[in-house]
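The structure appears below as structure tokens.
In this chain, residues are counted from 1 in sequence order.
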Amino acid sequence: LALLAVIIIVVALLEPLVFTAYQVTLGRIALVGIVALGLTAVILMGELDLSVASTLAVSGVIMASIPDLTLGIIAALATGLIVGVINAFFVSVVGINSFIATLGMLFALRGLAFVISDEAPVSLTNKDVGIAFGQPLIGPLTPRILIFVLVFIAIQVFVSRVKAGREFFAVGGNRQAARDAGIPVTRRIFTGFMISGFVASLAGVINTLERTTADPTAGSTVLLASFAAAIIGGNYLKGGRGSIVGTLIGAAALGILQVALTLSGVQVPVQQIFIGVILLVAVTTDPNSLRSVAGSLRTLRQGRAKSPGS
């Protein structure tokens with residue numbers, strides 16, 4: 001929250017146009033935020049999903065490759081669910097570290113997107129629907145923004161009000177204790193990865209509709225931004241602590257910053273540097289990280305104090 005306040009103050013002083021271009025700013029927050037919300041479901045359990053960006057890309061390509069738009073959307077969303085199931089299988093059943101499992105899926109899905117699209121953008125058969133989809137419905141609120149709000153409400157209610165969602169925290173906090181308490185850990189991991197995959201594919205559908213074209217390279221900048229939004233929002237990478245509201249705040253901070261940098265003429269690669277620096281600051285100033293560093297320093301000092309007499 002403090003970081004969001006700092007970014008808002010700095011942007012208001014240096015690039016106030018960000019707060020008058022509502023549609024652009026909210027749209028950027030929504031794109032990063034949708035993927036980040038799905039990621040949070042996995043992070044709460046102490047897992048990672050690096051495949052979200054490629055899931056976004058391949059879902060869009062599959063959708064655009066099917067002439068019937070409705071069937072294309074269904075196929076794209078189903079793809080996200082299948083990816084989530086495969087990721088969860090390798091993590092919870094095979095026992096592969098989620099970083100390695102989803103990294104492999106990232107490359108596999110990116111390659112699949114290039115194969116399906118023949119390494120070229122795929123245009124929607126019905127571009128008029130895509131153009132209409134990008135138009136505001138209520139004031140500056142486009143369908144992308146409204147869907148983002150609905151996804152936020154759905155996941156927030158799930159992890160805070162539904163028993164299965166609340167158990168995500170227990171799985172991330174102490175997996176063995178969660179098993180001993182009778183929580184179906186494997187089932188919860190499947191649920192988390194399916195949420196992440198589905199939401200990433202939903203972002204792919206939205207992105208393809210708005211652009212009326214599916215690009216196999218889509219989502220290349222989404223992975224870093226969505227992870228940064230989740231971590232800046234206070235979600236602990238080792239699991240057991242975090243919130244959907246925190247992810248929303250992180251996404252808002254990054255979205256405002258990215259729009260401000262774009263309006264200032266800063267190129268995307270340089271924007272990535274800014275996001276990386278902010279991510280490092282957020283991680284190193286996190287209370288848990290500071291406590292961990294303090295503990296390591298105490299251990300080091302104690303080790304040095306004992307060494308002369310040993």
Going only through I, L, V, M, F, W and Y residues with side-chain contacts under 4.5 Å, is there a path from [X] to [Y]?
{"X": "V171", "Y": "F99", "answer": "yes"}
{"X": "L150", "Y": "V245", "answer": "no"}
{"X": "V162", "Y": "F152", "answer": "yes"}
{"X": "I74", "Y": "I66", "answer": "no"}
{"X": "L202", "Y": "V32", "answer": "no"}

Would you call [X] and [Y] a side-chain contact if the rule is heavy atoms closer than 4.5 Å?
{"X": "L26", "Y": "L141", "answer": "yes"}
{"X": "Q176", "Y": "N174", "answer": "yes"}
{"X": "F148", "Y": "L248", "answer": "yes"}
{"X": "M63", "Y": "S201", "answer": "no"}
{"X": "V185", "Y": "S92", "answer": "no"}
{"X": "R241", "Y": "N235", "answer": "no"}
{"X": "L124", "Y": "V129", "answer": "no"}

For [X] and [Y], work out which heavy atoms get closest and say how close.
{"X": "L237", "Y": "L48", "answer": "CD2-CD2, 3.6 Å"}
{"X": "A178", "Y": "A170", "answer": "CB-O, 3.9 Å"}
{"X": "S196", "Y": "V42", "answer": "CB-CG2, 3.6 Å"}
{"X": "G250", "Y": "I232", "answer": "CA-CG2, 4.1 Å"}
{"X": "S264", "Y": "A260", "answer": "OG-O, 2.8 Å"}
{"X": "A88", "Y": "I189", "answer": "CB-O, 4.0 Å"}

Please report the interatomic distance [atom1]([X]) to [atom2]([Y]), rounded to the nearest 0.5 Å.
{"X": "I131", "Y": "R211", "atom1": "CD1", "atom2": "CZ", "value": "14.0 Å"}
{"X": "T125", "Y": "D68", "atom1": "OG1", "atom2": "CG", "value": "9.0 Å"}
{"X": "L263", "Y": "Q258", "atom1": "CG", "atom2": "CD", "value": "12.0 Å"}
{"X": "I244", "Y": "I153", "atom1": "CD1", "atom2": "CD1", "value": "12.5 Å"}
{"X": "L224", "Y": "Q271", "atom1": "CG", "atom2": "CD", "value": "11.0 Å"}
{"X": "L31", "Y": "I145", "atom1": "CG", "atom2": "CD1", "value": "11.0 Å"}

So F190 and V93, side chain to side chain contact (heavy atoms under 4.5 Å, CB included) or not? Walk me through it. CA-CA 10 Å; F190 268 86; V93 178; 4.1 Å; yes
T247 and T40: side-chain hydrogen bond (donor to acceptor under 3.5 Å, both in side chains), yes or no, with the steps? CA-CA 7 Å; T247 299; T40 304; 2.7 Å; yes
Go through it in stages, so that I can follow the logic: the residues are L37 and Q156, the test is side chain to side chain contact (heavy atoms under 4.5 Å, CB included), and I'd like the CA-CA distance, side-chain angles, deciding distance and then a yes or no. CA-CA 9 Å; L37 290 172; Q156 169 63 15; over 6 Å; no
Determine whether a donor-acceptor pair (N or O, by modelled atom type, separation under 3.5 Å) exists between the side chain of [X] and the backbone of [Y].
{"X": "R144", "Y": "I206", "answer": "no"}
{"X": "D49", "Y": "L39", "answer": "no"}
{"X": "D215", "Y": "A57", "answer": "no"}
{"X": "D118", "Y": "A120", "answer": "no"}
{"X": "S59", "Y": "L56", "answer": "no"}
{"X": "T212", "Y": "L209", "answer": "no"}

I would like to know whether I43 and F168 meet side chain to side chain contact (heavy atoms under 4.5 Å, CB included); could you show each step before the answer? CA-CA 9 Å; I43 293 174; F168 282 17; over 6 Å; no
Determine whether more than 12 heavy atoms belonging to other residues, nucleotides or ligands lie under 6.0 Å from atom [atom1] of [X].
{"X": "R166", "atom1": "CZ", "result": "yes"}
{"X": "F114", "atom1": "CZ", "result": "yes"}
{"X": "F274", "atom1": "CZ", "result": "no"}

Go through the steps to decide whether F158 and I195 satisfy the test side chain to side chain contact (heavy atoms under 4.5 Å, CB included), and finish with yes or no. CA-CA 11 Å; F158 177 72; I195 290 174; 3.8 Å; yes
Out of V85, N87, L81, which one pairs with V83 under the side-chain contact (heavy atoms from CB on, under 4.5 Å) rule? N87
Only one of V122, T79, L77 passes side-chain contact (heavy atoms from CB on, under 4.5 Å) with I62, and that residue is T79
Is the shortest distance from a Lys or Arg side-chain nitrogen in R175 or E47 to a carboxylate oxygen in the other one below 4.0 Å? yes
Passes ring pair (Phe, Tyr, Trp, His ring centres under 6.0 Å), F193 versus F89? Steps please. CA-CA 10 Å; F193 275 104; F89 174 79; over 10 Å; no
Which pairs would a plain distance check flag for residues 101-110, meaning a side-chain donor or acceptor within less than 3.5 Å of a matching protein atom at least two apart in sequence or in another chain?
residue : atom : partner : partner atom : Å
T102    : OG1  : L50     : N            : 3.0
T102    : OG1  : S98     : O            : 2.6
R110    : NH1  : P216    : O            : 2.7
R110    : NH1  : A218    : O            : 2.9
R110    : NH2  : A218    : O            : 3.4

